[in-house]
Amino acid sequence: MTLPLLQVRNMSHDFGGLRAVRDYNLEIGSGQIRGLIGPNGAGKTTIFNLITGIYKPSEGEIFLDGRKIDGLPPNRIASGGVGRTFQNLLLWRHMTVLEHVKMAHYSKIRYGLFGAFFGTPARHREEAGIEEKAVRLLDRMGIRHLADQVVLNLPYGAQRRVEMARALATEPRVLLLDEPTAGMNPEELVQIMEIIRRVHGEFGLAILLIEHRMKVVMELCDTIQTLDFGAVIAEGTPGEIQNNPRVIDAYLGQERAD
């Protein structure tokens with residue numbers, strides 16, 4: 001029996017007296033794209049923060065490729081193969097696009113302190129390799145021409161692409177995308193969907209996607225979970241979710257009314 005790449009078992013989390021996540025379970029294998037939807041405040045981003053080590057679950061366990069990761073610090077989880085983007089852009093606004101992606105690659109450097117201080121040939125070779133990888137990622141994101149631009153000067157859609165390139169630079173096996181189309185116009189939305197498809201195909205990643213735009217979730221995801229008040233109320237294919245009365249009441253009905 002093949003183990004899921006990422007597995008969450010009976011995970012709950014409390015903020016004081018508030019149970020923000022209730023008995024959450026997830027299994028996702030290599031090459032799958034799973035969606036996580038629900039009203040604002042349902043607990044979606046909290047689940048991402050629990051998986052990536054920003055919070056430690058009050059109850060339950062998280063496994064990456066069969067190894068327990070709950071309780072590990074975020075850098076250990078990231079280096080183990082879990083990459084993510086954020087609902088609110090977390091970019092260093094006065095750094096260039098290329099510098100952002102190169103910095104993410106540094107989690108994998110091997111030349112050590114000696115190489116860093118003394119500029120050894122090994123350091124120069126590895127730095128050249130890091131820059132080459134970073135440029136290739138920018139090319140995949142369609143923003144290579146912006147490599148020397150300061151992030152502060154970029155339009156919002158381009159900043160989203162920088163964030164995704166940075167997440168991919170950590171060489172994840174599981175990629176968590178938190179509302180990757182937020183704030184985008186219709187043209188940018190179509191472009192980022194195509195990028196997600198291309199990245200998924202080229203890298204063979206498992207992707208867990210939080211989205212409010214139903215077009216994105218329905219077209220990209222194999223299966224979808226719907227969260228409400230911290231608990232999963234429905235799980236299934238896009239067609240099953242779209243026609244589920246509980247989902248319509250909790251979320252899709254609101255979307256159709258907007």
Side-chain angles (χ1 to χ4, degrees), residues 5-6 28-35 48 52 77-93 95-110 125-211 213 215-217 219-222:
L5 183 54
L6 178 67
I28 181 169
S30 297
Q32 289 186 313
I33 304 181
R34 301 202 60 167
F48 272 27
T52 56
I77 294 172
S79 63
V82 180
R84 75 169 293 182
T85 63
F86 293 83
Q87 182 177 2
N88 299 312
L89 285 170
L90 294 179
L91 298 172
W92 296 284
R93 296 172 64 80
M95 289 175 59
T96 69
V97 170
L98 183 60
E99 286 169 343
H100 270 86
V101 183
K102 286 175 65 176
M103 180 171 287
H105 276 294
Y106 288 143
S107 64
K108 305 288 185 180
I109 59 172
R110 297 184 299 275
R125 286 194 300 271
E126 195 166 355
E127 289 281 352
I130 286 171
E131 180 152 345
E132 183 180 342
K133 289 178 182 178
V135 170
R136 284 203 303 267
L137 278 174
L138 295 180
D139 197 34
R140 285 188 173 98
M141 294 294 109
I143 52 173
R144 181 173 180 173
H145 63 291
L146 301 174
D148 296 326
Q149 294 290 314
V150 174
V151 168
L152 178 66
N153 299 330
L154 299 183
Y156 188 81
Q159 291 184 30
R160 282 283 177 192
R161 297 189 190 204
V162 174
E163 189 186 37
M164 192 177 298
R166 183 180 64 183
L168 290 169
T170 64
E171 300 178 3
R173 290 177 290 164
V174 181
L175 181 62
L176 311 183
L177 299 176
D178 195 346
E179 297 197 35
T181 70
M184 291 186 178
N185 61 42
E187 182 180 355
E188 290 172 330
L189 183 145
V190 171
Q191 292 171 351
I192 204 69
M193 286 176 64
E194 181 54 37
I195 287 172
I196 292 170
R197 287 191 186 99
R198 188 164 65 244
V199 164
H200 173 249
E202 290 181 8
F203 292 90
L205 298 171
I207 296 177
L208 182 59
L209 171 73
I210 292 175
E211 254 303 333
R213 288 176 162 176
K215 172 182 174 63
V216 178
V217 178
E219 292 189 19
L220 289 179
C221 297
D222 308 312

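The first residue of the sequence shown is numbered 1, and numbering continues consecutively from there. The basis for the numbers below is simple: all heavy atoms, side chains too, and nothing from hydrogens, waters or symmetry mates.
- Remark: side-chain polar atoms of R34 are not paired, donor with acceptor, to backbone N or O of I28 under 3.5 angstrom.
- Judged as a side-chain hydrogen bond (donor to acceptor under 3.5 Å, both in side chains), and not counting sequence neighbours, Q149 has no contacts.
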request  = Test side-chain contact (heavy atoms from CB on, under 4.5 Å) on V162 and M141 and set out the steps.
outcome  = CA-CA 8 Å; V162 174; M141 294 294 109; over 6 Å; no
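- The two atoms that bring F48 and L176 nearest to each other are CE2-CB, 3.4 Å, heavy atoms only.
- By the 4.5 Å heavy-atom criterion applied to side chains, V97 and D148 are not counted as neighbours.
- Among all heavy-atom pairs drawn from F203 and L137, the shortest one is CZ-CD2, 4.0 Å.
- None of E211, R160, M164 except one satisfies the side-chain contact (heavy atoms from CB on, under 4.5 Å) rule with L177; the exception is M164.
- A search for side-chain contact (heavy atoms from CB on, under 4.5 Å) contacts involving V135 returns L98, E131, R144, not counting sequence neighbours.
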With a cut-off of 3.5 Å and sequence neighbours excluded, list every side-chain donor-acceptor pair involving residues 187-197.
residue: E188; atom: OE1; partner: N185; partner atom: N; Å: 3.0
residue: Q191; atom: OE1; partner: R161; partner atom: NH2; Å: 2.8
residue: R197; atom: NH2; partner: E219; partner atom: OE1; Å: 3.3

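- Contacts of N153 classified as side-chain contact (heavy atoms from CB on, under 4.5 Å), with partners at least two apart in sequence or in another chain: V150.
- Taking both residues in full, the closest heavy atoms of P172 and G83 are given as CB-N, 3.5 Å, listed atom of the first, atom of the second, then distance.
- Shortest non-hydrogen contact noted between S30 and L5 is OG-CD2, 3.6 Å.
- No donor-acceptor distance shorter than 3.5 angstrom exists from the side chain of Q32 to the backbone of D222, with no hydrogens or angles considered.
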message = Set out, in order, the CA-CA distance, both residues' side-chain angles and the distance that settles side-chain contact (heavy atoms from CB on, under 4.5 Å) for V216 and L209, then state yes or no.
response = CA-CA 9 Å; V216 178; L209 171 73; 4.1 Å; yes
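- Take T96 and apply the side-chain hydrogen bond (donor to acceptor under 3.5 Å, both in side chains) test, not counting sequence neighbours, and it matches E99.
- Listed by chain and number, the residues in a side-chain hydrogen bond (donor to acceptor under 3.5 Å, both in side chains) with R140 are E202 (sequence neighbours excluded).
- Shortest non-hydrogen contact noted between G29 and A206 is O-CB, 3.3 Å.
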